Amino acid sequence: MDKTFYITTPIYYPSARPHMGHAYSSIIADFFARFKNIDGHKVHFLTGTDEHGLKVQRAAEKNGQDTQKFCDQISKTFQDLSKTLNLSNTDFIRTTEERHKKSVQHLWNELEKNDDIYLSNYSGWYSVSDEAFYNEDEIDEIDGKKVAKSSRSSVEWIEEESYFFRLSKWEKPLLEYYKSNPDFIAPESRKNEVISFVKSGLKDLSISRKTFSWGIPVPNNEKHVIYVWLDALTNYLSALEYPDKDHELFKKFWPASIHLIGKDIIRFHAVYWPAFLLAAKIDLPKKIYGHGWILSGEEKMSKSKGNILDPLKIVEKYGLDPLRYYLIKEVSFGNDGNISQERLEDCINSDLANNYGNLCQRVVAFAIKNCKGKVPNEIKFQDEDFIILNKFKDNLENIRSKIDQQNINFYIDYIVNSLFEANKYFNDQEPWKKKDNLIRLNTIVYTTLEIVRKISFLLYPIIPESSLKALKIFNISENEINLSSIENNEYLLKDNNINKIDILFNKIEKNND
RNA sequence: GGCGGGGUAGCUCAGUUGGUUAGAGCGCAGGACUCAUAAGCCUGAGGUCAGUGGUUCGAUCCCACUUCCCGCUACCA
């Protein structure tokens, strides 16, 4: 049976324009998807938009637009973002699609059938201006008027008929599940938060609303729409043609390998979602990973410096691959990351241009001048060649296992170290002094070409476009990239032509101001 | 308030189940080379590992206190 891998991003809520947080989730997910793809897995990579809810309905009204058309428009900006980020997603789901509606309603029916849903009243202190409910302890009384402590806006007691999900019933099963599946929630800090939250007790969850209509109707009670989280989370199933559990997609890809999300929505994914699934007797996803936020430090948004948090502007100015590389390299995965334009430029110059780009150029230029522009034929490896070549083979299993632990930083550090070693190797071997020993010269060139090839394979999940550009040296195309071939020290066919390539990364002129 | 995480070189971060001179990258300074995008290679400067006290033969790592930062503490997504 083929190895499979199903990864999802959050579905994005179109109340705001795409920002760096969206880009980050997507890029990281794409990294994993591409890695698994070149490592022989059948990959399903899902992203999409979450289009229901009061805010969307209001935003559309405000624009005097038909709600669906409004959604079409905003969803398009996220579909465009996926293209801009060069995502390899195999599907893009929208919660306004029919396949999703069918799936959510079916899940609802399952929950109802299993007695996990009941009708009752939802009540609480509601602030119209904040659009939020408050608990008793979040309320103050000033001059006989109840107000929210945080915003000081006045609140009123509201009771509304609502369907509830028996979340409380799943408190113990969830805790047991976390215990027997210690890798279910990552990173560790998030797991601890979730567990302590569940341990503090779960109340039943309101899962329908009557106050607005932009949503999926509750089966058999059209006055209610299904509350947004039950709606939104189900997208992960809808994209696999749930409720058709015999469908090829569902059989192949469920349970999901990993739901990649931001830490802000960990609870919905690590508590509500597994509870829904347990109640519906559906297998739980293997992992929920809540990554950190992208922060822009002290840097104020200014016109001269540009806004680092706008991914589209960054891509426009520096290109996509530098952004992808930078986010993956410099953010300690799982933690919040501070990004700055200055560090991005440093990364481009030192890692991408000087280290990787220049290595490609120097070996190609050398081979064209000294090896007739062909992959050398007569070679004889020595110890120092084997040492550097075999490192890839020796580390392959470790790389795979680190990726399965989402240790992205190990992966990229490994690549950067390999680049240092490669440049050092070429330096130390001094092929330019070996013109009277062609076999040695050829061997050094062949070895270095092999290293460039292996590193370019490893870089493909991070900077796919640039990796492919580099692989044009050897006329290697995208579908030929496969991870296990980094074990092979003589992958490159001898006497094949070597192609001169354009500069991969232009250096950024830094001006001190 | 309660629970949890953290304060390590100019910057971004590793690390230590407590043990000789605390690490990487970037940045900075010097050197040798020249195949290459004036790139690469070598060498070096820079830290009382937040503060105070304690346990210990010995603490950056353990404990207590102090201080600063951050997260969670349910229905905004």
Side-chain angles (χ1 to χ4, degrees), chain A residues 10-16 50 52-56 122 124 127 130-135 137-138 162 164-165 167 187-207 209 227-230 232 262-268 271-272 290 292-293 295 297 326 329-332 335-340 342-343 345-347 349-370 409-410 412-413 416-417 419-420 422-435 441 444-445 448 502-507 510:
Chain A
I11 47 173
Y12 302 122
Y13 195 70
S15 65
D50 174 17
H52 288 134
L54 185 59
K55 278 193 182 170
V56 175
Y122 182 50
S127 157
D130 298 352
E131 289 178 32
F133 280 92
Y134 292 100
N135 283 330
D137 59 357
E138 292 172 308
S162 169
F164 282 80
F165 172 72
L167 184 62
E188 197 77 10
S189 54
R190 301 292 145 219
K191 178 167 103 178
N192 294 338
E193 277 175 19
V194 168
I195 290 176
S196 83
F197 171 76
V198 174
K199 274 187 178 160
S200 75
L202 295 176
K203 290 186 208 157
D204 290 348
L205 189 68
S206 163
I207 51 165
R209 287 294 137 89
Y227 179 59
V228 60
W229 278 108
L230 179 54
K263 65 181 183 179
D264 48 327
I265 52 175
I266 190 83
R267 178 186 311 148
F268 306 101
V271 181
Y272 302 169
W293 286 342
L295 308 171
Y326 175 60
K329 164 107 187 293
E330 293 275 311
V331 176
S332 170
N335 299 323
D336 291 353
N338 268 296
I339 61 174
S340 76
E342 199 190 342
R343 291 292 306 137
E345 292 181 353
D346 283 348
C347 242
N349 286 349
S350 52
D351 287 18
L352 295 175
N354 292 349
N355 238 329
Y356 178 54
N358 183 59
L359 174 67
C360 294
Q361 293 300 330
R362 77 192 291 203
V363 65
V364 166
F366 192 89
I368 285 174
K369 278 185 206 156
N370 299 286
N409 299 102
F410 171 88
I412 200 156
D413 288 348
V416 172
N417 277 328
L419 284 168
F420 288 144
N423 271 310
K424 180 174 166 52
Y425 168 86
F426 202 72
N427 251 61
D428 290 353
Q429 297 307 315
E430 302 180 307
W432 50 91
K433 288 186 184 168
K434 299 291 189 313
K435 292 187 181 171
L441 183 149
I444 295 164
V445 170
T448 311
D502 293 336
I503 297 288
L504 289 176
F505 302 95
N506 288 308
K507 295 187 71 167
K510 304 194 79 170

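Small disclaimer: the values here were computed from a predicted structure and weren't measured. Computed over heavy atoms, backbone and side chain alike; hydrogens, waters and symmetry mates excluded. Order of the sequence lines fixes the chain letters, A, B, ..., with proteins taken first and strands second; residue numbering starts at 1 for each chain.
Distance check on atom P: B/rU20 versus B/rC49 gives 15 Å, rounded to whole Å. Here, B/rG6 and B/rC63 have their P atoms 11 Å apart, quoted to the whole Å. Spacing of C1' atoms, B/rG51 relative to B/rC68, comes out at 11 Å, to the nearest Å. Spacing of C1' atoms, B/rU56 relative to B/rU21, comes out at 23 Å, to the nearest Å. Rounded to the nearest Å, the gap between the C1' atom of B/rU17 and that of B/rA59 is 14 Å. Nucleotides B/rA45 and B/rU55, compared at atom P, are 36 Å apart to the nearest Å. Comparing the P positions of B/rG44 and B/rU34 gives a spacing of 23 Å, expressed to the nearest Å. Comparing the same atom, P, in B/rA50 and in B/rG19 gives a spacing of 16 Å after rounding to whole Å.
Taking the six-membered ring for Trp and thresholds of 30 and 60 degrees, A/F505 and A/Y356 have ring planes inclined between 30 and 60 degrees apart.
Within the nucleic acid shown, A/N370 has no heavy atom closer than 4.0 Å to any nucleic acid atom. Nucleic acid contact class of A/L202 (heavy atoms, under 4.0 Å, all strands): base. Among the heavy atoms of the strands lying under 4.0 Å from A/K507 is at least one base atom, whether or not backbone atoms are also near. Within the nucleic acid shown, A/S350 comes within 4.0 Å of sugar-phosphate atoms alone, with no base atom in reach, counting heavy atoms only. A/L359 comes within 4.0 angstrom of nothing in the nucleic acid, heavy atoms only. Among the heavy atoms of the strands, none lies under 4.0 Å from A/G292. Within the nucleic acid shown, A/F420 comes within 4.0 Å of sugar-phosphate atoms alone, with no base atom in reach, counting heavy atoms only.
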What does the 5'-to-3' dot-bracket notation of RNA chain B look like when only Watson-Crick and G-U wobble pairs under 3.5 Å count, and pairs to other strands show as |? (((((((..((((.....[...)))).((((.........)))).....(((((..]....))))))))))))....

Give the C-alpha distance, both sets of side-chain angles, the deciding distance and a yes or no for side chain to side chain contact (heavy atoms under 4.5 Å, CB included) between A/S350 and A/N355. CA-CA 6 Å; A/S350 52; A/N355 238 329; 6.0 Å; no

Test A/I339 against A/E330 for side chain to side chain contact (heavy atoms under 4.5 Å, CB included), laying out the working first. CA-CA 8 Å; A/I339 61 174; A/E330 293 275 311; over 6 Å; no

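Distances shorter than 4.0 Å separate none of the side-chain N or O atoms of A/N417 from OP1 or OP2 on B/rA14. Put simply, A/K369 has a side-chain N or O that comes within less than 4.0 Å of OP1 or OP2 on B/rA36.
Using a cutoff of 4.0 Å between basic side-chain nitrogens and carboxylate oxygens, A/D413 and A/K329 are not scored as salt-bridged.
Counting to the nearest Å, the P atom of B/rU12 and the CG atom of A/D351 are 17 Å from each other. As a whole-Å value, the separation of A/E330 CD from B/rC13 P is 8 Å.
With contacts defined as side-chain heavy-atom distances shorter than 4.5 Å, the pair A/W229/A/I265 qualifies.
Under the 3.5 Å distance criterion, the side-chain polar atoms of A/D264 are left unmatched by any main-chain donor or acceptor of A/G290.
Scanning residues 425-433 of chain A for heavy-atom distances under 4.0 Å to RNA chain B yields A/F426, A/N427, A/W432.
Atom CG of A/D502 is surrounded by 12 or fewer heavy atoms from other residues, nucleotides or ligands within 6.0 Å.
The base of B/rA36 sits with one of its N or O atoms less than 3.5 Å from a complementary donor or acceptor on the side chain of A/N358.
More than 90° away from 0 lies the glycosidic angle of B/rG31, which makes this nucleotide anti.
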